[in-house]
Amino acid sequence: MIQFRGVGLTYPGPPPVTALKPCDLLVSRGEYVSVMGPSGSGKSTFLNIAGLLDGPTAGRYLLDGIDTGTLKDADRTALRGRRIGFVFQSFHLLPHRSALENVLLAMVYNGTPRKQRTASAREALHRVGLAHRVDALPTRLSGGERQRVAIARALVAHPSLLLCDEPTGNLDSATAESILRLLDELHADGMTIVVITHDPGVARRGQRTLMIRDGVLSDSSADDDAGQE
Ligand code: ADP
Ligand code: MG
């Protein structure tokens, strides 16, 4: 699903900042991978590259076998819209739009026929357990409900890859647990999931954990194996 071959990113500066040192990575379809690392270590940079929001300055990124570096901007945007859903720590909902409208707006540019959008948005909100709150404004929703709306918005285009940047960072532990359970369900349904987190308890929900330190990405499970030798 995700294949990095020597992928790295250096911000030009000045001074230039190498946020991600060239690395290789394979994330298979249906995997659930966690990414940990200190603040400023390059986690969001990694996620932005994986999500086709930023292009790497080194190496090649193949998404589902497609060499993304060879795509025109419009084709890369279309690929992102079809295959990738994003979930962020601070939800990024429009405050004056209802839950339904927030999810609907995600479909304006992804080619979903207008007539089909409302049904798709309702279905996505139903999927995250918010069928009864479709008309609520985000300001009237709890943090956990807001994150569910954001997840519904991420799911509405039926992506194959869900990228989450600290998805439980703004939630209390009980609410976080309910969001993590939702991610577990999506994973069980076949979704490929990448979750960035500071929290080892969140990271353990994934099948393996990648570490980033000072822009160096490593597979911590591989480190563990090496340590046992
Ligand atoms: P994390 O998400 O792990 O906190 P980031 O990926 O956001 O880390 O940032 C990694 C490094 O890249 C940091 O040193 C940060 O200051 C730097 N950085 C991030 N974005 C930019 C940018 N647009 N221009 C220059 N440097 C940046
Ligand atoms: Mg970050």
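One-based numbering, in listed order, for ligands and for the atoms of each. Because the structure is a prediction, the values reported are computed rather than measured.
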**Message:** Applying salt bridge (Lys or Arg N to Asp or Glu O under 4.0 Å) to K43 and E166, what does each step give before you reach the verdict?
**Reply:** CA-CA 10 Å; K43 302 184 298 298; E166 300 273 3; 5.1 Å; no
**N, O or S atom of S44 closer to the Mg ion (ligand 2) than 2.8 Å** = yes
**Item:** Interfacing atoms of ligand 1 (cut-off 4.0 Å, heavy-atom, S44)
**Value:** 1 (P), 2 (O), 6 (O), 7 (O)
**Asked** With only distance considered, is G42 within less than 3.5 Å of ligand 1 through an N or O on each side?
**Response** yes
**Message:** Strictly below 4.0 Å, N to O, side chains only: are R29 and D64 in salt-bridge contact?
**Reply:** yes
**Prompt:** In terms of side-chain geometry, is the basic nitrogen of E185 or R127 positioned less than 4.0 Å from the acidic oxygen of its partner?
**Reply:** yes
**Request:** Go through ligand 1 atom by atom and flag the ones less than 4.0 Å from a non-hydrogen atom of T45.
**Result:** 5 (P), 6 (O), 9 (O), 10 (C)
**Nearest protein heavy atom with distance in Å, relative to atom 12 (O) of ligand 1** = A19 CB, 3.4 Å
**Prompt:** atom 17 (C) of ligand 1: which protein heavy atom is closest, and how many Å away?
**Reply:** V17 CG1, 4.0 Å
**Request:** Report yes or no: does S41 have a heavy atom closer than 4.0 Å to ligand 1?
**Result:** yes
**Request:** Evaluate the side-chain hydrogen bond (donor to acceptor under 3.5 Å, both in side chains) criterion for residues N48 and T45: first the C-alpha distance (whole Å), next the side-chain angles of each, then the deciding distance (0.1 Å), finally the verdict.
**Result:** CA-CA 5 Å; N48 290 344; T45 301; 5.7 Å; no
**Salt bridge present between D67 and R60 (N-O < 4.0 angstrom)** = yes
**Prompt:** Will you find, in the side chains of S160 and R82, an N or O donor that is under 3.5 Å from an N or O acceptor?
**Reply:** no
**Message:** How far is atom 18 (N) of ligand 1 from the closest protein heavy atom, and which atom is that?
**Reply:** Y11 CE1, 3.5 Å
**Request:** Starting at CG of L180, measure out to OG of S173 and round the result to the nearest 0.5 Å.
**Result:** 10.5 Å
**Atoms of ligand 1, numbered as shown, that sit under 4.0 Å from any heavy atom of P38** = 3 (O)
**Request:** Write down the atom of L26, the atom of Q3, and the distance for their closest heavy-atom approach.
**Result:** CD1-CG, 3.5 Å
**Item:** Whether G215 lies under 4.0 Å from ligand 1, heavy atom
**Value:** no
I'd like a table of donor-acceptor pairs (distance under 3.5 Å, sequence neighbours excluded) in which one partner is a side-chain atom from residues 130-141, with atom names and distances.
from: R133; atom 1: NH2; to: R140; atom 2: O; distance (Å): 3.0

**Message:** Closer than 4.0 Å and a protein heavy atom, does any atom meet both conditions relative to atom 15 (C) of ligand 1?
**Reply:** no
**Prompt:** Taking N or O atoms only and a 3.5 Å limit, does G40 qualify as a polar contact for ligand 1?
**Reply:** yes
**Asked** Of all the atoms in ligand 1, which lie at a distance below 4.0 Å from a heavy atom belonging to S39?
**Response** 4 (O)
